[in-house]
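Here's the structure, in structure tokens; my notes come after.
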Amino acid sequence: MADQLALDEVVEFTSGLIRIDTANRGGGDCRERPAAEYAAERLAGAGLEPLLLERAPGRTNVVARIAGTDPSADALLVHGHLDVVPAEAADWRVHPFSGEVRDGVVWGRGAVDMKNMDAMILAVIRSWARQGVRPRRDLVIAFTADEEASAEDGSGFLTDRHPELFEGCTEGIGESGAFTFHDGSGREIYPIGAGERGTAWLKLSARGRAGHGSKVNRENAVTRLAAAVTRIGEHRWPPRLTPTVRAALDALAALYGIDAGTTDVDTLLEKLGPAARLVEATVRNSANPTMLDAGYKVNVVPGEAVAHVDGRFLTGTEEEFAATLDQLTGPDVRWEFAHREVALQAPVDAPLFARMRTAVQEFAPEGHVVPYCMSGGTDAKQFSRLGITGYGFSPLKLPAGLDHQALFHGVDERVPVTALHFGVRVLDRFLRTA
């Protein structure tokens, strides 16, 4: 069992990491090195020999290995990212990089995404060092850069340039799973990530005839682009159920006494009520226009207009996704992938999933564990290149009224101290037996 000092340290480390501003604005505008050095120092204090690795100056990753007691067992990857999305201090009740602990809550950017998990990992490992604990299988600990952008300086760099550090790893755990979801009727649901939609960030370009804004122009690039963007934004994607999503729907339907086999997806989502939020974003592909760029003066029709779209696709649907974009953009607009990453799927009947379930239920016996597919993506995509099956497992027990999913990239991101304590206990229990 994790000792009392681990419970104190997880709060200290969460707050300390938040105070290190690692806002990732994209395009290389981030510096994770101070946070990497913070983590490495604490790993070294637990008797490990962490490596600090960079593709670009300041974009630092940390990797360390803990030897297990069973040399025949496959290794397990435990990973978290050090960067965070930007935050506007004026919008927050507490400064986003203060790491302030107020009324039993740690405030700041990264409190749930995901410096809390980084702190949990550090606290558990240091607790083991004090108690002389070793896991059954080798653990590879990785704290990465650049997850909030392309991962090129983080997990992508590690898998491409340093695959030997992950030798023997067959499974991994990372962010976004095993948190409390309150359904509004008293039930506590703990979704464990067993899949991710693929990433398809798109660039749309429309060409037209440049000219004076006062003249009739039937080849207006802005008009062509706007029409395509509207079609994409209004498109209703059909349901496409992967095995992970099907398993999630079946588990939730069973919990509410609904016959999932004879109900169409949208009707089933309606019957699930608030719990539908766990799956509604992953029963189909999606494409959301997010950025527009055209023109340089109000009375000049530009010759080109550009838009960006955040697309996500489910396992096995990438060809359908591309064909649909061809139809929606039409003949006057060209589209291309600005960034693309694979969709993931992990077995929910695997022994590792069962051990995660057991660890959660030991400390939350009233909870209902279900699998789910993440609507977005994590570093598990890059680590999958090495044959590592990834799960989302960053345990937190949250009070009713604190919306975990809304806190991701949101204003006033925060995490209760008691949630961090729960996470340390669950993670300790799981990693000892994984």
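One is the number of the first residue; the rest follow in order along the sequence.
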* **Geometric cation-pi criterion Arg284 and Trp237, 6.0 Å radius, 45° cone** => no
Keeping [X] on the side-chain end and [Y] on the backbone end, is there a donor-acceptor pair under 3.5 Å?
| X | Y | answer |
| --- | --- | --- |
| Arg246 | Leu241 | no |
| Tyr391 | Pro347 | yes |
| Arg355 | Thr433 | yes |
| Glu196 | Thr378 | yes |
| Arg109 | Gly410 | yes |
| Glu32 | Asp146 | yes |
| Ser15 | Val11 | no |
| Arg137 | Ala75 | yes |

* Asked: Testing Ile173, Val426, Val369 for side chain to side chain contact (heavy atoms under 4.5 Å, CB included) with Met356, which one passes?
  -> Ile173
* Asked: Going by the side chain to side chain donor-acceptor pair (under 3.5 Å) test, which pairs reach into residues 76-90, not counting sequence neighbours?
  -> Asn24-Asp83, His81-Asp83, His81-Asp113, His81-Glu147, His81-Glu175
* To do: Could you tell me whether Glu167 atom CD has more than 12 heavy atoms of other residues or ligands within 6.0 Å of it?
  => no
* Asked: Take atom CG in Asp91; do more than 12 heavy atoms of anything else shown fall under 6.0 Å from it?
  -> yes
* Rounded to the nearest 0.5 Å, how far apart are CG of Leu396 and CZ of Phe179? -> 9.0 Å
* **Separation between CG of Leu53 and CZ of Phe157, rounded to the nearest 0.5 Å** => 5.5 Å
* To do: Could you check Ser384 against Val342 for side-chain contact (heavy atoms from CB on, under 4.5 Å), going step by step and ending with a plain yes or no?
  => CA-CA 9 Å; Ser384 72; Val342 296; 4.0 Å; yes
Is it true that [Y] and [X] share a donor-acceptor pair across their side chains at a distance under 3.5 Å?
| X | Y | answer |
| --- | --- | --- |
| Lys115 | Thr22 | yes |
| Thr282 | Tyr372 | no |
| Thr389 | Glu171 | no |
| Arg197 | Ser286 | yes |
| Thr14 | Asn116 | no |
| Trp201 | Asp310 | yes |
| Asn288 | Thr290 | no |

* Asked: With Arg55, which of Asp160, Asp153, Thr60 fulfils side-chain hydrogen bond (donor to acceptor under 3.5 Å, both in side chains)?
  -> Asp153
* Working for side-chain contact (heavy atoms from CB on, under 4.5 Å), residues Ile18 and Val84 -> CA-CA 9 Å; Ile18 288 171; Val84 297; over 6 Å; no
* His404 ring center near Phe408 ring center (under 6.0 Å) -> yes
* Determine whether the aromatic ring centres of Phe181 and Tyr190 lie less than 6.0 Å apart. => no
* **Sequence-distant partners of Thr144, side-chain hydrogen bond (donor to acceptor under 3.5 Å, both in side chains), two or more places apart** => Asp379
* Which residue pairs pass the salt bridge (Lys or Arg N to Asp or Glu O under 4.0 Å) test with at least one member in residues 329-348, sequence neighbours excluded? -> Arg224-Asp332, Glu318-Arg340, Arg334-Glu336, Glu341-Arg385
* Asked: Under a 4.0 Å N-O cut-off, is there an ion pair linking Glu320 with Arg240?
  -> yes
